[in-house]
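Let me begin by presenting the structure, written as structure tokens, before commenting on it.
The model shown is predicted, which means the values in this text are computed figures rather than measured ones.
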Amino acid sequence: MNRREALWSLGALAAGTTTVLAGKSSAAELSGFPAQTAQSADHLTTPVRRGGAMQVLTNETDRKTVTAVFDRLIPADDNGPSASDAGCVDFLDAQLAGDYGSGKALYLQGPLRPENEEMLMGSPQFLTSPRERYETGLKALEAYAQANDNAAFHALSPDRIDEILSGLEAGEIDLGDDVNGQAFFELMLQNAREGYLADPIYGGNKDMAGWKMIGFPGARYDYRPYIDRHNEDLGLTTVSLIPSN
């Protein structure tokens, strides 16, 4: 079969297929789309509303502790707003309220052998979800400040908060048997970074401040026209997935 014959046979096959489909489909279906493929409400992304009612961080002390931690991890300066001003607390609350918070994608069953997990995986194993780790970690952090500084964690000086966070990061501060202080610090740092750089639709990165700071033009449909323009300021306006609140 030569190329012309192959093209003709494909055309005949397509025509035959169309005839079969046309015979089974109504005119309304052919002019639009099958009703069963229409979008439903659960297909549509709902932007997180900043400043709205918290779903998980409902305890005021917990919320202030998170804010104090996040704003020391990413403080405001000439390059951009602080983590909380960029909506990172709203981002965290929304994430903890969803599948991430419940650990839906995590294996949370025993047996728990910390020494094996550290050796094999390079990170500790947990049988509790991120939401539960925040619940216990924030209360342990507040208890540590009350016991050692006789004050609420969020009321401590920036230097003292930095000292405590540095101690957690180095594994030098013990928050009790129920909390791995070093891993809790890493979790908070990870979530602060995510909230600062994720699309604004998820509640953080308010006004795309994080993207503007690093020069990321945003979630554009197609970058192919610029693929060969290396090390060049493209002057692109930063855009989000959809306009956020």
Side-chain angles (χ1 to χ4, degrees), residues 54 56-57 59-96 100-101 103 106 112 114-198 203-206 209-211 213-214:
M54 292 286 165
V56 175
L57 301 172
N59 181 281
E60 183 179 6
T61 301
D62 289 349
R63 191 164 58 251
K64 287 182 176 179
T65 300
V66 168
T67 301
V69 171
F70 277 16
D71 284 352
R72 292 312 302 160
L73 295 175
I74 307 178
D77 59 19
D78 294 339
N79 295 314
S82 69
S84 64
D85 285 340
C88 293
V89 179
D90 300 86
F91 167 85
L92 175 65
D93 185 74
Q95 293 302 309
L96 295 180
Y100 171 79
L106 301 176
L112 179 62
E115 66 282 6
N116 289 347
E117 292 299 322
E118 290 276 6
M119 180 176 60
L120 296 174
M121 305 298 294
S123 60
Q125 177 191 9
F126 296 98
L127 303 186
T128 52
S129 67
R131 186 188 307 153
E132 293 168 324
R133 291 176 60 194
Y134 265 96
E135 290 172 352
T136 56
L138 293 175
K139 287 178 171 47
L141 203 51
E142 174 66 12
Y144 181 88
Q146 293 286 356
N148 292 275
D149 302 85
N150 198 30
F153 181 87
H154 67 82
L156 300 178
S157 69
D159 287 344
R160 177 56 179 150
I161 293 177
D162 287 352
E163 184 180 7
I164 294 174
L165 294 179
S166 297
L168 287 175
E169 182 179 23
E172 298 170 349
I173 289 182
D174 184 4
L175 292 182
D177 295 338
D178 295 333
V179 180
N180 181 327
Q182 193 171 30
F184 185 50
F185 170 84
E186 292 172 355
L187 179 66
M188 292 189 292
L189 178 60
Q190 169 193 323
N191 294 150
R193 286 170 169 165
E194 292 168 343
Y196 209 81
L197 295 173
N205 194 9
K206 183 179 181 181
W211 288 354
M213 182 181 71
I214 64 174

Any sub-3.5 Å donor-acceptor pair from N205's side-chain atoms to A209's backbone N or O?
-> yes
State plainly whether the residues K64 and E60 are in salt-bridge range, i.e. N to O under 4.0 Å.
-> yes
Any sub-3.5 Å donor-acceptor pair from N79's side-chain atoms to M213's backbone N or O?
-> no
Would you kindly say whether Q190 and E194 are connected by a side-chain donor-acceptor distance under 3.5 Å?
-> yes
Indicate whether any N or O donor in one side chain lies under 3.5 Å from an N or O acceptor in the other, for S84 and D71.
-> yes
Counting distance only, does the side-chain N/O of R131 pair as donor-acceptor with the main-chain N or O of L96 below 3.5 Å?
-> yes
Check: E169 main-chain N/O paired with Q182 side-chain donor or acceptor under 3.5 Å = yes
Do the charged groups of K206 and D85 touch, with an N to O distance under 4.0 Å?
-> no
Does the D174 side chain pair with the main chain of G176, one donor and one acceptor, at a distance under 3.5 Å?
-> yes
When you look at CG of D77, are more than 12 heavy atoms from neighbouring residues, nucleotides or ligands closer to it than 6.0 Å?
-> yes
With E142 via side-chain hydrogen bond (donor to acceptor under 3.5 Å, both in side chains) - residues at least two apart | Q146
Side chains of N191 and Y134: is there a donor and an acceptor less than 3.5 Å apart?
-> yes
Kindly write out the residues that satisfy side chain to side chain contact (heavy atoms under 4.5 Å, CB included) with I74, not counting sequence neighbours, or none if the list is empty.
-> A83, A192, Y196
State whether E163 and R160 are salt-bridged, where the test is any N-O pair (Lys NZ or Arg NE/NH1/NH2 against Asp/Glu carboxylate O) under 4.0 Å.
-> yes
